[in-house]
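See structure below.
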There are 2 protein chains.
Amino acid sequence: MQSKNARTLSFETALRAAGIRMTRQRRTILEVLAESEAHPDANQLFRDVLARDTSISLSTVYRTMRILEERGAIQRHIFDDGRARFEHSDREHHDHLIDIETGRVIEFRSEKIEQLQAEIAAELGYELVRHRLELYGVPKKSGARASRGRK
Amino acid sequence: MQSKNARTLSFETALRAAGIRMTRQRRTILEVLAESEAHPDANQLFRDVLARDTSISLSTVYRTMRILEERGAIQRHIFDDGRARFEHSDREHHDHLIDIETGRVIEFRSEKIEQLQAEIAAELGYELVRHRLELYGVPKKSGARASRGRK
DNA sequence: GTTGCACTTGCAAATGCGTGTCAATTTGCT
DNA sequence: AGCAAATTGACACGCATTTGCAAGTGCAAC
């Protein structure tokens with residue numbers, strides 16, 4: 001559980017090492033993304049960034065996201081709304097459960113499912129490279145306890 | 001395993017019952033989709049349809065797909081290329097494995113995974129409404145047996 | 001079979017999200 | 001400071017899909 005600053009910092013260090021220049025715009029974008037606990041799309045990110053620095057364009061947000069994705073620093077997810085959403089790669093792999101009513105995204109991880117997927121692929125003659133698993137659901141009414149998996 | 005005609009016919013009957021007019025264009029589109037063993041996107045479908053009837057527009061293909069989807073007659077899938085692909089709903093539920101090298105789509109079904117997903121959702125306080133599971137892989141080299149799961 | 005009207009269609013233009021272009025600016029190095 | 005190369009903002013463009021609208025068509029009622 002590293003601090004926001006540390007997270008942003010490690011980002012910067014990694015990018016510098018990859019020969020990527022650290023500009024004012026990129027620094028701001030990285031800060032905002034690092035602090036975000038959600039899965040923002042390009043537009044959301046753009047708005048959040050604008051709040052700190054009015055001289056950043058949407059193009060730059062898109063470009064930065066692409067660069068970060070190529071470097072493996074972030075991950076891009078496309079849920080059913082068709083828009084790309086971004087999140088840090090510095091956490092362990094996980095899948096997503098999307099609340100149909102609110103759009104809230106909950107992260108989870110299941111070893112069993114991970115393993116089953118590999119087995120299924122193997123059975124079909126394939127080597128699993130990656131997968132996409134999204135659960136879409138509504139909060140249970142009875143004995144509601146929908147406070148797990150923060151964020 | 002019903003014949004192509006029967007499949008198209010049941011489609012028509014269902015649509016009529018739902019108050020949807022059976023036009024020449026819709027009939028052709030339905031026929032082509034019913035006979036298709038693949039997961040065509042709008043453009044592919046459009047081309048296939050054009051081969052039988054030159055007076056059908058891409059708009060109509062899109063509109064028809066939307067209507068059919070709303071009625072639950074077909075399912076829409078969006079894999080990593082971002083385009084929508086369509087398939088009949090008259091088969092049992094299944095997930096997809098996509099061959100990264102060829103783009104081939106293989107269908108599979110795993111009760112264990114289905115069940116695990118529901119369990120995970122429940123644990124997080126949600127009732128599972130639907131899910132999306134896609135495996136992306138490459139054919140195994142050793143003792144290749146990648147001829148399973150036709151289509 | 002003719003009629004009437006709501007439903008459909010084709011076409012062109014419009015969306016929405018994302019990428020390409022390019023002149024002007026900025027960065028990192030010396 | 002001085003410069004080459006990387007980066008940026010503004011805007012044009014690309015692609016898949018949707019929409020507005022005038023003209024055409026299915027089909028229930030005569």
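Below, each value reflects all heavy atoms present in this structure, side chains not excepted, and no hydrogens, waters or symmetry copies. Residue numbering restarts at 1 for every chain, and letters A, B, ... go by the order of the sequence lines.
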Within the 3.5 Å criterion, strictly below it, is a donor on [X] or [Y] matched to an acceptor on the partner's side chain?
X        : Y       : result
A:His88  : A:Gln75 : no
A:Arg24  : A:Ser55 : yes
A:Glu134 : A:His77 : no

[X] [atom1] to [N] [atom2]: how many Å, rounded?
X       : N      : atom1 : atom2 : value
B:Ile67 : C:dT8  : CD1   : C1'   : 9 Å
A:Leu58 : D:dA10 : CG    : C1'   : 12 Å
A:Glu70 : D:dT7  : CD    : P     : 12 Å
A:Ile78 : C:dG16 : CD1   : C1'   : 13 Å

Nearest to the side chain of [X] - [options]?
X       : options                : result
A:Thr23 : C:dT9, C:dC17, D:dT8   : D:dT8
B:Met22 : D:dT8, C:dT9, D:dC27   : D:dC27
A:Gln25 : C:dG20, D:dT8, D:dT17  : D:dT8
A:Ala42 : C:dG18, D:dA16, C:dG28 : C:dG18
B:Arg66 : C:dG10, D:dT19, D:dA6  : D:dT19

Checking all strands, does [X] fall into the base, sugar-phosphate, or nothing category for heavy-atom contacts under 4.0 angstrom?
X       : value
A:Ser59 : base
A:Arg83 : sugar-phosphate
B:Arg26 : sugar-phosphate
A:Ile56 : sugar-phosphate

Approximate separation, where rounding is to 0.5 Å, of B:Leu58 CG and B:Arg63 CZ:
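Spacing of CG (B:Leu58) from CZ (B:Arg63) equals 10.0 Å.
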On DNA chain D, nearest-nucleotide positions of B:Asn43 versus B:Arg21: which is more 5'?
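That would be B:Asn43.
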Given DNA chain D, 5'-ward residue of the pair B:Gly82 and B:Arg24, judged by closest heavy atom:
B:Gly82
Do A:Tyr136 and B:His131 have ring centres separated by under 6.0 Å?
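Between A:Tyr136 and B:His131, the centre distance exceeds or equals 6.0 Å.
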For D:dG9, does the base pair up with any side-chain atom of A:Arg63 as donor and acceptor (N or O, under 3.5 Å, distance only)?
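Side chain to base: pair found, below 3.5 Å.
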